[in-house]
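Positions are given from 1, in the same order as the sequence printed here. Indexing begins at 1, ligand by ligand and atom by atom, following the structure's order.
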Amino acid sequence: MTSMVRGAQLARLLGHWHALPGRRRSPDYAALAGTIRGLLADGRLPLAVRLPAERELAEALKVSRTTVTAAYRELRETGHLTSRRGAGSWTTLPGGHRVASSGLWTPTDDLDMIDLGCAALAAPAELVPAARAAAEELPRYLSDAGYHPTGIMELREAIARSYTERGLPTSADQIMVTSGTQHALDLVLRLTVPAGAGVLVESPTYPNALAALSARRARITTHGLDATGVTATGDDGEGWDADLLLGSLRQNRPRLAYLIPEFQNPTGHLMPAELRERVVAAAHASGTDLVVDESFVDLPLDGTPMPPPTAVFDRHSRVISIGGMSKPYWGGLRIGWVRASAPLVQRLAALRVGVDMASPVLEQLVAVHLLAAADSIVPARRAQLAAQRDALLAAVRDELPEWRVSVPHGGVTLWAELDGPVSSALARAAEEVGVRLAPGPRFGLDGTLERFLRLPFTLPAAVLTDAVHRIAAVRYDLDRASRRQWREPAVIA
Ligand SMILES: Cc1ncc(COP(=O)(O)O)c(C=O)c1O
């Protein structure tokens with residue numbers, strides 16, 4: 001299945017392509033081809049989408065058809081476009097290049113390494129007292145076998161209460177406790193996505209979600225997010241282009257869409273209420289189940305007001321919300337959940353029995369205690385994250401002033417736009433100086449996003465500053481190394 005961009009949509013993505021800096025001497029067709037290549041490289045224009053017919057794009061851009069014909073010809077020559085007579089032209093990458101998106105994405109065990117590959121905080125001080133209190137309560141659960149496929153009732157009730165407090169009335173029978181958000185996603189995919197079914201995701205997105213989708217052999221299409229959070233029209237989407245996102249749902253009618261509306265990993269964008277409502281309506285119209293990953297919903301910074309939960313707009317049980325304890329509390333707890341209709345929860349529980357039976361009772365009791373102390377734990381986590389984010393931003397602006405970073409108003413990550421397509425090379429070089437990085441392509445499907453790097457602010461401020469210092473050192477070394485390669489060989493006579 002290929003999706004299609006219309007002339008007006010591509011024109012909007014292209015923005016001011018004809019007036020880009022440094023193009024004074026290049027002809028229009030070359031500038032147009034170059035800008036399309038740039039959109040592809042940044043993941044804003046997905047691979048395998050059909051571009052508009054030449055005449056349609058020429059009209060939308062108000063240029064001659066010859067200009068578009070020449071630009072498409074150049075894109076074909078560089079391997080960025082494949083055309084078939086009568087069928088149209090599709091975006092591609094040279095040499096059929098693709099980078100596998102699956103693969104292990106785990107924190108490093110090397111204690112000397114500063115691990116910026118992992119975007120999660122260490123445990124809060126409250127964890128040990130919560131674990132002690134949970135152990136004291138364990139005897140209440142020891143008189144039966146201890147398997148609770150949907151979770152222990154007191155935790156399901158606490159989770160349901162937190163949704164109700166966010167303005168989404170929820171009962172315990174709409175909650176299933178899982179072993180982390182990733183497990184919640186995997187179970188939902190097992191139930192709803194048969195092999196080969198279409199799934200829409202954001203680009204960039206969370207790499208382990210891509211891995212889960214690959215494991216289900218889903219056919220993935222992408223919606224390209226704008227790194228800066230401002231779309232070409234400067235309008236409503238905060239990084240999501242409403243027209244393209246809704247258009248993609250309408251055209252492709254994917255079986256499922258996976259979105260991260262709150263402080264999206266990795267961009268940090270927050271989806272506005274109006275777009276949430278439109279996405280839910282479009283998903284209903286296209287028969288698409290909408291999985292919203294709310295991993296970061298508890299972590300607005302700077303007092304950022306939160307839009308209503310996406311499921312508030314759902315009148316047809318289209319929205320499946322998933323979330324967990326990992327980001328506000330601790331990943332090592334392995335507690336997450338699904339919020340869906342009660343019948344869907346029952347179907348998930350039946351499926352889960354064939355996977356892992358149930359989540360551990362003791363950890364669920366620890367989660368109950370942590371949630372009961374949310375009012376003291378979570379504000380402290382937000383204050384810690386805001387201070388660490390500011391330290392990271394200051395270090396990047398100081399040491400890598402050519403990089404563009406916008407300030408995320410929540411979550412745990414910066415999405416930096418680099419001064420060249422060097423993300424993977426930089427990650428390799430940084431490893432040599434003791435910093436583990438998650439390069440841009442890990443967050444996409446096709447080996448694009450080389451001009452981006454995710455930087456989490458989950459480590460202490462001093463460690464982040466040290467890491468940026470080391471990254472800056474190798475960044476400038478990369479330049480020197482490549483200059484050496486390009487220098488003419490010296491003739492010694
Ligand atoms: C968007 C998103 N979803 C899911 C997860 C995994 O969460 P958990 O540890 O609850 O499985 C993460 C962790 O980084 C994440 O960023």
Will you find, in the side chains of Glu137 and His369, an N or O donor that is under 3.5 Å from an N or O acceptor? yes
At a 4.0 Å cut-off, with the gap strictly under it, does some heavy atom of Gly331 reach an atom of ligand 1? no
Do NZ/NE/NH1/NH2 and the carboxylate oxygens of Arg382 and Asp302 come within less than 4.0 Å? no
When you compare the side chains of Tyr141 and Gln364, does any donor N or O come within less than 3.5 Å of an acceptor on the partner? no
Whether the Trp240 and Gln264 side chains hold a donor-acceptor pair (N or O, under 3.5 Å, no angle test) is what I'd like checked. no
When distances are taken from atom 6 (C) of ligand 1, the protein heavy atom at minimum range is Tyr206 OH, 3.4 Å
Could you verify whether a donor N or O on one side chain and an acceptor N or O on the other, from Arg255 and Thr288, lie under 3.5 Å apart? no
The closest protein heavy-atom partner of atom 3 (N) of ligand 1 is Asp293 OD2, 2.6 Å
Quick check: Asn265 and ligand 1, any N/O pair under 3.5 Å apart? yes
Under 3.5 Å, is there a donor on one side chain and an acceptor on the other for Arg352 and Ser359? yes
Starting from atom 14 (O) of ligand 1, which protein heavy atom do you reach first, and at what distance in Å? Lys327 NZ, 2.5 Å
Give the contacting part of Arg334 toward ligand 1: side chain, backbone, both or neither, where contact means a heavy-atom distance below 4.0 Å. side chain
Is there a heavy atom in Ser326 that sits closer than 4.0 Å to ligand 1? yes
Do Arg475 and Asp419 meet the salt-bridge criterion of a basic N to acidic O distance under 4.0 Å? yes
With salt bridge (Lys or Arg N to Asp or Glu O under 4.0 Å) as the criterion, how do Arg397 and Glu402 come out once you've worked through the C-alpha distance, each side chain's angles and the decisive distance to 0.1 Å? CA-CA 8 Å; Arg397 284 176 182 153; Glu402 302 84 5; over 6 Å; no
Gly180: numbered ligand 1 atoms lying under 4.0 Å from its heavy atoms: 10 (O), 11 (O)
A student checking ligand 1 against Phe296 at a 4.0 Å heavy-atom cut-off should list atoms 1 (C), 16 (O)
Can you tell which part of Ile260 has a heavy atom less than 4.0 Å from ligand 1: side chain, backbone, both or neither? side chain
Any N/O of Ser179 closer than 3.5 Å to an N/O of ligand 1? no
